[in-house]
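Here is the structure we will look at.
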Amino acid sequence: MAESPVVVAIVPVLNEADSIGAVVSGLLDRGLSSVTVVDNGSADASAELARRAGAHVVHEGKRGYGAACWTGLLSLPDSCDFVLFCAGDGQEDLSEVPKLIEATRSASLVVGDRLGTSGGYLTLTATQRWASWIGGVVMWMGWGYYFTDIGGMRVISRKAITAMDLQDRGYGFFVEMQVKAVSLNLPIAQIPINYKPRMRGVSKISGTIKGTLKAAFILVTTVIRLYLFDIWQILTSPSPTLRKLNNRSHSSPPSEPPPNSERAPPTDVEMAAPSNLLMPVSENRRLSDSVIRVHEGKKQQYPGYPVLASHDASVSDGEKDDGGHWLSPPEEKNPVVDLPHEEDREWKRVADLRLRLWAILAAVCVIYGTVLTSVYNDPKEQGGPVLFSLGVGVIGVGFFMMQAMPAMGSRWLWVVACLSRLAGLMASSSPGDDIYRFVWEGWIQRRGFNPYALNPTSPVLRPAREKSHYIGLVFMRINHPETTSVYPPLAQLFFRLISILAMRAEFFRLFFVAADLMSCWLLSRRFGNKRAALYAWNPLVILSSATGGHYDPWMVLPLILAWFTCERGRWALSAFLLGVSIGFKWVTAPFLPFLIVAFCEWRGWLGVLFKRFGANQAPTAPSSKIRGWELFSFSMKVSICIGVLGLSPLVLSAIPFCDRVFCQLAPLDSKWAAYTRVSDFLPRVLYYLIPSSGKLDNKAFAVPVIIFLAFMYWREAGQPRHQRLLRFAEFGELYFFLLLVFAPIVHFWYFTWGLPFVCQTNNLGTRVMSVSAFASLFRYSRGASASLTVWEWAAMWGPYLVGWAIYRSGNSQWLSRLSGRVLPKFANSNREKERGV
């Protein structure tokens with residue numbers, strides 16, 4: 001019969017006199033050999049009460065959870081086999097201790113999962129659950145193992161904790177323990193445990209928001225610090241093999257592997273750990289990716305390395321003589337395939353770590369830059385535009401680093417997309433004040449007023465707005481209060497619906513972000529993760545919806561759906577979805593004639609008509625006339641159906657705002673909309689050439705756009721029908737380019753309208769504009785009505801136009817070629833062909 005292991009409990013305490021006695025007694029009653037209580041400087045009688053209950057008490061003067069636990073480890077008896085860590089506040093259910101000890105039969109580290117039971121889940125605060133989730137996700141990204149909880153109750157073998165050489169002496173002590181357990185490939189178990197409400201007093205961590213946020217910050221920074229240290233250790237390894245690999249990172253390795261297939265030599269981390277602890281990680285390991293290692297022409301998957309992509313390789317067949325010598329050597333498509341086996345494992349690990357480090361730096365830049373813009377998001381404050389632009393620049397660095405990556409896994413896409421938007425939602429205010437207009441117009445609709453008939457300063461609305469303090473604050477932040485609503489009726493109905501649910505600007509932004517994430521999902525399904533990241537990680541998209549509070553994602557989402565259904569030939573559904581997009585923003589109306597051109601044969605019918613009946617020429621064959629009128633009949637029917645379906649959402653949503661006398665859905669008499677110029681391009685160039693053009697009505701600039709659209713329709717009609725259906729993105733990108741170039745009023749979030757199309761076209765101008773558009777915010781520091789200076793205007797429009805010129809010339813792949821110089825050569829030699837690209 002095997003002897004029972006000797007388990008010693010370590011309980012750090014700080015002013016826990018109300019509960020420590022019961023905790024010590026409960027542990028001893030569960031059969032533990034001894035209990036060591038570490039007093040971390042208590043001002044009450046915690047140490048004395050623990051001693052009376054039967055515990056061995058030691059003192060640690062330096063404050064810190066990790067410092068107290070480390071002092072307890074130094075005082076362990078020699079006979080100790082396992083160490084149980086437990087809190088002294090009485091919240092952990094001690095009846096779960098035997099279950100944790102039983103799990104040590106097959107695991108070296110057993111972590112109590114408080115979120116695994118209903119009692120524990122309900123007892124933990126929302127901030128505690130959020131912090132555990134963040135820490136688990138960050139560790140999953142770095143080491144490929146997902147911990148559901150980072151609680152304090154756990155059991156670990158003494159040999160394992162000795163091999164870990166833990167250095168943290170604060171809140172990150174347990175985080176470092178879990179990370180190093182994965183790094184040492186130890187068997188790990190997560191056991192659901194109950195968690196009870198606190199007996200008395202207030203927790204030092206979860207009892208205050210400050211303590212919770214501090215613990216979450218330390219948790220995340222500890223994980224990042226450990227990961228960077230792990231990468232630095234490997235990259236600077238003194239082993240001769242790794243130095244040889246680093247020196248030949250861009251050279252061709254030998255073409256034939258050695259005949260013997262033996263296990264690679266252990267790494268420095270493995271050599272530092274006891275041999276009996278090097279056991280496979282437990283089967284509950286959760287991974288989304290795995291390393292693909294190619295050796296002797298075979299693919300083998302090795303879980304444990306969550307890399308960005310899998311890299312395939314192939315070698316063309318060569319010819320050998322009877323002695324096995326090469327007559328014609330094989331053609332190497334990927335020179336890294338034929339690495340010698342003893343170097344293969346270390347080479348692969350270094351290359352994967354470089355890729356992961358690049359991806360982590362890009363992700364951190366995007367998330368950290370969003371946090372900066374959320375803190376310094378008021379351009380009207382002193383230094384606001386500079387600090388906000390600094391955050392935008394940090395996001396831009398991460399955005400362009402992402403474009404240099406050879407491929408991207410789904411977890412990288414969604415973790416960064418969600419966390420960046422979450423950081424944007426935490427902004428106390430927004431750089432734009434449009435969102436307060438949304439709240440106002442939703443509120444007055446609930447009061448029975450028409451936002452198209454009454455502007456916010458109307459005397460009729462004064463008694464209503466004075467009854468609510470919050471509405472009074474909203475009214476003070478409305479832009480252009482003398483103007484009636486400019487938003488289409490379908491958007492107005494959504495404003496009303498959301499105001500019924502919650503009359504808060506933050507709630508509106510949450511709905512904008514939800515539509516934004518839906519667009520990201522659609523693009524990832526269609527084009528793959530790498531191309532979808534051009535939209536999901538885009539600074540303009542993140543800051544316009546989450547931080548800025550602009551409802552453009554509501555227009556973009558149905559536009560994407562109309563785009564995808566158009567390419568599948570479903571003209572009725574595409575027309576209706578396009579009508580929904582028009583109901584949110586008027587600017588998508590020109591897509592409706594494009595659908596008519598794409599699905600009909602108008603140019604073919606006109607060609608038959610002019611050829612057979614033009615110039616007083618009689619038809620040469622009766623079938624020509626029949627064919628021409630068949631085309632006309634078909635085109636007319638489809639055009640009418642597309643027009644009816646496309647306008648139906650707009651017409652139906654306009655019914656509540658129209659009557660027999662009034663049905664004006666836009667401020668046609670607004671002087672602001674007629675003569676204001678904001679961050680414009682061609683109108684400003686025209687003003688420099690002809691100063692009198694500054695007195696032109698803004699509607700005059702719609703004329704050249706209409707002319708260009710007519711030319712684009714005629715050009716598209718000349719394409720074969722199957723090609724027209726696939727040119728939705730090209731048409732949309734060119735249309736938005738012309739619209740923004742000719743428009744007299746341009747705000748930075750207007751550029752998000754054409755951003756989904758960059759996932760297909762990879763337009764360089766659209767990509768660089770994602771950062772340069774924020775130059776328009778500098779004018780707010782001089783007042784809301786100020787104009788851009790020449791340098792600000794050039795910084796905004798210059799990169800956009802130059803990028804478009806490079807894209808049209810066909811030389812926009814410079815960033816992809818540059819990635820071959822920055823990232824490992826083997827990663828770019830055979831990129832993963834993502835689905836849909």
Side-chain angles (χ1 to χ4, degrees), residues 365 369 373 379 384-404 431 534-535 537-544 548 676-691 693-694 701 704-705 708 732-755 757-758 761-782 786-818:
C365 286
T373 56
V386 177
L387 297 174
F388 186 85
S389 300
L390 176 62
V392 171
V394 175
I395 303 176
V397 170
F399 178 65
F400 287 109
M401 288 179 66
M402 174 274 300
Q403 298 177 45
L534 293 173
Y535 183 88
W537 289 29
N538 197 289
L540 273 178
V541 177
I542 297 171
L543 299 183
S544 63
T676 303
R677 306 285 173 86
V678 178
S679 305
D680 50 327
F681 178 70
L682 275 182
R684 183 163 181 165
V685 174
L686 184 63
Y687 175 75
Y688 287 149
L689 299 177
I690 308 174
S693 64
F701 295 100
V705 177
F708 274 108
E733 195 168 51
L734 183 57
Y735 158 64
F736 283 129
F737 172 76
L738 294 173
L739 178 66
L740 294 172
V741 167
F742 281 97
I745 301 177
V746 178
H747 295 291
F748 76 90
W749 59 89
Y750 289 1
F751 291 96
T752 61
W753 300 341
L755 280 176
F757 303 127
V758 77
T761 63
N762 204 27
N763 190 323
L764 178 62
T766 307
R767 285 183 283 159
V768 297
M769 171 272 305
S770 303
V771 178
S772 66
F774 289 98
S776 62
L777 292 178
F778 281 91
R779 69 182 182 88
Y780 285 103
S781 60
R782 301 185 296 272
S787 301
L788 291 177
T789 65
V790 175
W791 293 108
E792 294 168 354
W793 179 74
M796 176 182 175
W797 287 102
Y800 185 40
L801 298 177
V802 171
W804 254 90
I806 296 175
Y807 166 69
R808 299 301 294 182
S809 66
N811 297 320
S812 60
Q813 300 299 323
W814 60 274
L815 190 60
S816 300
R817 293 193 296 267
L818 179 64

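Counting from 1, the numbers follow the sequence of the chain as shown.
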Test side-chain contact (heavy atoms from CB on, under 4.5 Å) on Trp797 and Arg684 and set out the steps. CA-CA 12 Å; Trp797 287 102; Arg684 183 163 181 165; over 6 Å; no
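- Of all heavy-atom pairs spanning Ser544 and Thr752, the tightest one is OG-CG2, 3.7 Å.
- Leu755 CG to Asn538 CG: the interatomic distance, rounded to the nearest 0.5 Å, is 4.5 Å.
- In terms of heavy-atom proximity, Ile745 sits nearest to Thr676 at CG1-O, 3.4 Å.
- In this structure, the separation between CG on Leu534 and CG on Asn762 is 6.0 Å, given to the nearest 0.5 Å.
- Residues Pro683 and Asp680 approach most closely at CB-OD2, 3.2 Å, considering heavy atoms.
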Are Val768 and Trp804 close enough, and set up right, to give a side-chain contact (heavy atoms from CB on, under 4.5 Å), and what steps lead you there? CA-CA 10 Å; Val768 297; Trp804 254 90; over 6 Å; no
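- Atom CG in Leu740 sits 11.5 Å away from atom NE2 in His747 (nearest 0.5 Å).
- For the side-chain contact (heavy atoms from CB on, under 4.5 Å) criterion with Ile395, the lone passing option out of Cys365, Ser770, Pro539 is Pro539.
- Between Phe751 and Tyr800, the ring center distance clears the sub-6.0 Å criterion.
- Taking every heavy atom of both residues into account, Phe701 and Arg677 meet most closely at CE1-NH2, 3.5 Å.
- Taking each heavy atom of Ser772 and Pro799 in turn, the nearest pair found is CB-CG, 3.9 Å.
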Do Thr761 and Tyr807 pass the side-chain contact (heavy atoms from CB on, under 4.5 Å) test, and can you show the C-alpha distance, the side-chain angles, and the key distance before you say yes or no? CA-CA 9 Å; Thr761 63; Tyr807 166 69; 3.5 Å; yes
One pair to check against side-chain contact (heavy atoms from CB on, under 4.5 Å): Val790 and Tyr688. What are the steps and the verdict? CA-CA 11 Å; Val790 175; Tyr688 287 149; 4.1 Å; yes
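- We find the CG-CZ distance between Leu734 and Phe708 to be 9.0 Å, quoted to the nearest 0.5 Å.
- Atom CZ of Phe681 sits in a crowded spot, with more than 12 heavy atoms from other residues, nucleotides or ligands closer than 6.0 Å.
- Proximity of the aromatic rings of Phe774 and Phe748 is defined here by a centroid distance below 6.0 angstrom, and this criterion is met.
- Nearest heavy-atom pair, Thr766 versus Met769, reported as atom, atom and distance to 0.1 Å: O-CE, 3.3 Å.
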